[in-house]
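In what follows, a structure is listed as structure tokens, so that the remarks can point back to it.
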Amino acid sequence: YIAWWTDSNNSTADFKWLPAHDRFSFIGRFSSFDYRYYHMDSSFSLTDSVVAQGPATPDGHEFITLNNGNRLILVVQDTIMDLSNFSFNGSQGLVNQAVKGMGIQEFDPQGNLVWNWHSTRHIHPSEFIDGYYYVPNRFDYAHANSIAQDDDGHLLVSFRHLDAIIKIDHQTGEIIWRLGGKHSDFTFPNDTLRFRGQHSAARLPNGRIGLFDNGNLKPLPRYSRIVEYVLDTVSWTASMVYS
């Protein structure tokens, strides 16, 4: 039977139960560049919200609450870069190219911004994988779509347009390793096609890395799959153990 429902003039996404915090969270979309991030208690009453801080604009892909109560959201911030020495999907980059960088903003339970990360400081647009959607005047080169906290407290972020999962130091913002993409730190000894255009990467309770492999840009016939890897950071291999 239906236990609870509500009408909304705005679309919602990422509705989930947070058992460690005895609350729900979801993302509300009011327009293309206006997302709000909400918590509700167990009786579905709104308790608080998060709003992205400018000049970044909010992104509607991810909203997570950490064990300490801090909240992480994805944001977008344009940066002008000289990409004239690179080509993307066969088109020469521009001297003053508007690059759509992906950012992460972290807020404490009182709503204060306590950590701010931006992709263009750490990941160059040359890591973009040809074949994904390319718009010169707002180049969405990374397209992050999920954040998860790893067991050691650092962050696992899925970048769809890089075909990569990147582990980011939660204090310094530096990249710890890349799984997939042009500069992967790992080889894939038993998964030669690897994952493409992936979503929802996370450390699983069994210690593996799991993700949804959309399968974009793979040879025909294309298919999507769930896949799990065991990562060895001594030999730097990613061994597929389930798909």
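Computed from a predicted model, the values in this text were never measured in an experiment.
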Judged by atom type as modelled, is there a donor-acceptor pair below 3.5 Å linking the side chain of Thr172 to the main-chain atoms of Glu174?
yes
Charged N to carboxylate O below 4.0 Å: is that the case for Arg71 and Asp48?
yes
Between Ile209 and Glu228, is there a side-chain heavy-atom distance shorter than 4.5 Å?
no
Report yes or no: does Trp115 contribute a side-chain atom to a donor-acceptor pair with the main-chain N or O of Glu106 at less than 3.5 Å?
no
side-chain contact (heavy atoms from CB on, under 4.5 Å) for Arg194 and Ser184? Distances and angles first, verdict last.
CA-CA 11 Å; Arg194 309 199 307 195; Ser184 179; 4.1 Å; yes
Would you give the length of the straight line joining atom NE2 of His183 to atom CZ of Arg178, rounded to the nearest 0.5 angstrom?
6.5 Å
Suppose we call two aromatic rings close when their centres sit under 6.0 Å apart. Are His124 and Phe86 close by that rule?
yes
Can Arg23 and His39 be counted as having a side-chain donor-acceptor contact under 3.5 angstrom?
yes
Measure from the side-chain N and O atoms of Asp108 to the backbone N and O of Gly111, and report whether any donor-acceptor pair falls under 3.5 Å.
yes
Checking Thr237 side chain against Ser239 main chain: does a donor-acceptor pair fall under 3.5 Å?
no
Rounded to the nearest 0.5 Å, what separation is found between the CG atom of Asn214 and the CG atom of Asn145?
7.5 Å
Side chains of Leu72 and Gln105: closer than 4.5 Å at any heavy-atom pair?
no
Here's a test for you: under ring pair (Phe, Tyr, Trp, His ring centres under 6.0 Å), which of Tyr35, Tyr37, Tyr38 qualifies with Phe63?
Tyr37
To the closest 0.5 Å, what do you measure between CG (Leu231) and CG (Leu179)?
5.5 Å
Charged N to carboxylate O under 4.0 angstrom, Asp78 versus Lys100?
no
What's the separation between atom CG in Asp130 and atom NZ in Lys182, rounded to the nearest 0.5 Å?
6.0 Å
Do the ring planes of Phe44 and Phe24 sit parallel (below 30°), tilted (30 to 60°) or perpendicular (above 60°)?
parallel
Determine whether a donor-acceptor pair (N or O, by modelled atom type, separation under 3.5 Å) exists between the side chain of Asp59 and the backbone of Val75.
no
When rounded to the nearest 0.5 angstrom, what distance separates CZ in Arg196 from CD1 in Ile129?
6.0 Å
What I want to find out is whether Lys218 reaches Asp213 closely enough, with some N-O distance under 4.0 Å, to be called a salt bridge.
yes
Is any side-chain heavy atom of Pro136 closer than 4.5 Å to a side-chain heavy atom of Leu94?
yes
Any heavy-atom pair between the side chains of Asn112 and Phe107 that's under 4.5 Å?
no
Looking at Asn68 and Asn70, would you say the former's side chain and the latter's main chain have a donor-acceptor pair under 3.5 Å?
yes
Any cation-pi pair here, Arg225 with Phe212, using under 6.0 Å and within 45°?
no
So, do Leu211 and His199 sit near enough that their side-chain heavy atoms are less than 4.5 Å apart?
no
How about Asp41 and Ser43: does a side-chain donor come under 3.5 Å of a side-chain acceptor?
yes
Short N-O contact, Glu62 and Lys16, less than 4.0 angstrom
yes
NE2 of His122 to CD1 of Ile168: how many Å apart, nearest 0.5 Å?
7.5 Å
Can we call the ring centroids of His143 and His61 under 6.0 Å apart?
yes
CG/Asn67: more than 12 non-hydrogen atoms of other groups inside 6.0 Å:
no
side-chain contact (heavy atoms from CB on, under 4.5 Å) evaluation trace for Ile104 with Val157:
CA-CA 10 Å; Ile104 302 170; Val157 184; 3.9 Å; yes
Would you say Ile2 has more than 12 foreign heavy atoms packed within less than 6.0 Å of its CD1?
no
Just by distance, with hydrogens left out, do Asn89 and Tyr133 show a side-chain donor and acceptor under 3.5 Å apart?
no
Between the side chains of Lys167 and Asp152, is the shortest nitrogen-to-carboxylate-oxygen separation below 4.0 Å, so that they form an ion pair?
yes
Single hit among Asp82, Ile80, Leu83 for side-chain contact (heavy atoms from CB on, under 4.5 Å) with Asn96:
Ile80
Quick check on the 6.0 Å ring-centre criterion: do Tyr141 and Tyr132 meet it?
no
Take Asp14 and Phe26 through the side-chain contact (heavy atoms from CB on, under 4.5 Å) test and state the conclusion after the steps.
CA-CA 5 Å; Asp14 199 29; Phe26 69 96; 5.9 Å; no
With a 4.5 Å cut-off on side-chain heavy atoms, are Asn216 and Arg160 touching?
yes
Any side-chain heavy atom of Asp34 within less than 4.5 Å of one from Arg29?
no
